[in-house]
Amino acid sequence: MFRIRHIVSFIFLLQAFTVCGQDMQFTQFYSAPLYLNPAFTGANVCGRVSLVYRNQWPGIKKTYTSYMLAADHFFVKQKVGAGILCAVDEAGSGDLRTTMVNPSFAYETKITNKFAIRAGLQPGVTIKSINFNKLIFGDQISKNNKNGTTNEAPTQNKTFIDIGAGILCYTSRFWGGASFFHLNQPNESFLGMDDVRLPIKYSVHGGTKIAVNPDERDPSLKRTITTAVHYRGQREFDQFDIGFYYTQNIFNVGIWYRGIPGLKAYKPGYSNNDALAIIIGLQTPRMNIGYSFDKTISQLAGLSKGAHEITLSYQLCKPKKKTNRVVVSCPKF
């Protein structure tokens, strides 16, 4: 076990050095709408603020910890949603840190009284930093090295422009969209002589809400089942999430699966089979709280100790019973 842990840690060190770390991912992706698709900007009834915290693989030292704060609002007369997303992702023993500040905009148009389309744009700035003094290099391990490793500038920073865009189609019951990030493929290398382009990340997502007892008039007794899917890929890596949750009164409970078993493997012997997630939440007219735990089912199951994720969103106004807008029916906790 000792050797396995150190091998895994060494792999993360290499990832930090080559700056090939993953983009942030969230099990409750619908609770990070601006990160999922900029077309969701302002898609709520009124302004909202969202918070997300994720601790991925806490059983492995210095893996991934993510924090996100987002706020957005819809301007009815202009049919424009505007918002901002701020996020920090920390990974690896080299203190690889990614900070994002992304303004987000969306334009909404109604096709019919029950169907609408939104297009979104998300230009932003990303800052990456790393401390090379906390990394272990091959020549520090090799017995043939006599001079040792030197770093004149142990801490490196890289700032670049990063652009994303997306489209969303929806009714009051169904929603579906696609988004693309790193469209300008910025160079994220810390070393001036290298050209390391951040590959485009793409996402396809959708869902529906089904009323279990549509004739029930008592709001506390109404029950719904919401399903959602999310496929995303970046270069040779991809993932697929599918699941549902059940809602009655203010309580939510659901189950999620992540993976593409049988259809694709990362490499021979490494199936694309990642995690099962349990989700619980509380949903009021203005505030939504969610917690999810990912149970790892891949070959890291004995080491990772899963992942914990907490989400919180707050609507800045009291929801109106009637509105002329088509409101997206996506999950809100």
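FYI, side chains are in, hydrogens and waters are out, and symmetry mates aren't considered; it's all heavy atoms of this structure. This is a predicted model, so every value here is computed, not measured.
- Side chains of Gln28 and Val52 form no contact here, defined as non-hydrogen atoms less than 4.5 Å apart.
- Note: Phe174 CZ to Phe115 CZ = 12.0 Å, rounded to the nearest 0.5 Å.
- In this structure the side chain of Asp162 never reaches within 4.5 angstrom of the side chain of Phe181, judged on heavy atoms.
- Annotation: side chain of Thr311 is not in contact with side chain of Asn288 (no heavy-atom distance under 4.5 Å).
- In this structure, CZ in Arg258 is found 10.5 Å from OG in Ser298, a value given to the nearest 0.5 Å.
- Summarising the geometry, atom OG1 belonging to Thr63 is positioned 10.0 Å from atom CG belonging to Leu300; distances are rounded to the nearest 0.5 Å.
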Identify all side-chain donor-acceptor contacts of residues 275-282 below 3.5 Å with residues at least two apart in sequence or on another chain.
none

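- Residue Leu51 is grouped with residue Met287 when hydrophobic side chains (ILVMFWY) are merged at heavy-atom distances under 4.5 angstrom, including chains of intermediate members.
- When all heavy atoms are compared, the tightest approach of Cys86 to Val101 is SG-CG1, 4.4 Å.
- The minimum heavy-atom distance linking Ala87 with Met68 is given by the pair CB-CG, 3.9 Å.
- Between the side chains of Asp89 and Tyr64, no donor-acceptor pair is found at a separation under 3.5 Å.
- Annotation: side chain of Asp23 is not in contact with side chain of Phe237 (no heavy-atom distance under 4.5 Å).
- The pair Arg54-Asp294 meets the salt-bridge criterion, since a charged nitrogen lies less than 4.0 angstrom from a carboxylate oxygen.
- Scanning all heavy atoms of the two residues, the minimum distance from Pro199 to Gln234 falls at O-NE2, 3.1 Å.
- Atom NE2 of residue His308 and atom CD of residue Gln56 lie 11.5 Å apart, to the nearest 0.5 angstrom.
- More than 12 non-hydrogen atoms from other residues, nucleotides or ligands lie less than 6.0 angstrom from OH of Tyr246.
- Here the closest non-hydrogen pair linking Ser179 and Asn37 is CB-CG, 3.8 Å.
- Applying the salt bridge (Lys or Arg N to Asp or Glu O under 4.0 Å) test to pairs two or more places apart or on separate chains, those with a residue in residues 118-127 are Glu108-Arg118.
- Atom NZ of Lys79 sits in a sparse spot, with 12 or fewer heavy atoms from other residues, nucleotides or ligands closer than 6.0 Å.
- In this structure, Asp195 CG and Arg197 CZ are separated by 4.5 Å, a value rounded to the nearest 0.5 Å.
- Note: Tyr53 and Tyr67 have tilted aromatic rings, judged against thresholds of 30 and 60 degrees for the angle between ring planes.
- Each of Asp241, Asn273, Asp274 was checked for a side-chain hydrogen bond (donor to acceptor under 3.5 Å, both in side chains) with Tyr257, and the lone residue meeting it is Asn273.
- Tyr30 and Trp175 have their aromatic ring centers separated by at least 6.0 angstrom.
- Side-chain heavy-atom separations under 4.5 angstrom define the hydrophobic clusters, and Phe75 shares its cluster with no other residue.
- In this structure, a donor-acceptor pair under 3.5 Å is absent between the side chains of Gln315 and Arg48.
- For Thr27 and Ser292, the side-chain atoms include no donor-acceptor pair closer than 3.5 Å.
- The shortest non-hydrogen separation linking Ser129 to Asn157 is CB-OD1, 3.1 Å.
- With hydrogens and angles left out, the side-chain atoms of Lys209 and Thr226 include no donor and acceptor closer than 3.5 Å.
- Between Ile200 atom CD1 and Asn184 atom CG the span is 8.5 Å, to the nearest 0.5 Å.
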Q | Check against side-chain contact (heavy atoms from CB on, under 4.5 Å), Val125 and Ile161 | A | CA-CA 5 Å; Val125 175; Ile161 302 297; 3.9 Å; yes
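- Ring-plane geometry between Tyr231 and Tyr202 is classed as tilted, the angle between the planes lying from 30 to 60 degrees on a 0 to 90 degree scale.
- The shortest heavy-atom contact between Ser104 and Leu34 is CB-CD2, 4.0 Å.
- No hydrogens or angles considered: a donor-acceptor pair under 3.5 Å links the side chains of Asp218 and Ser220.
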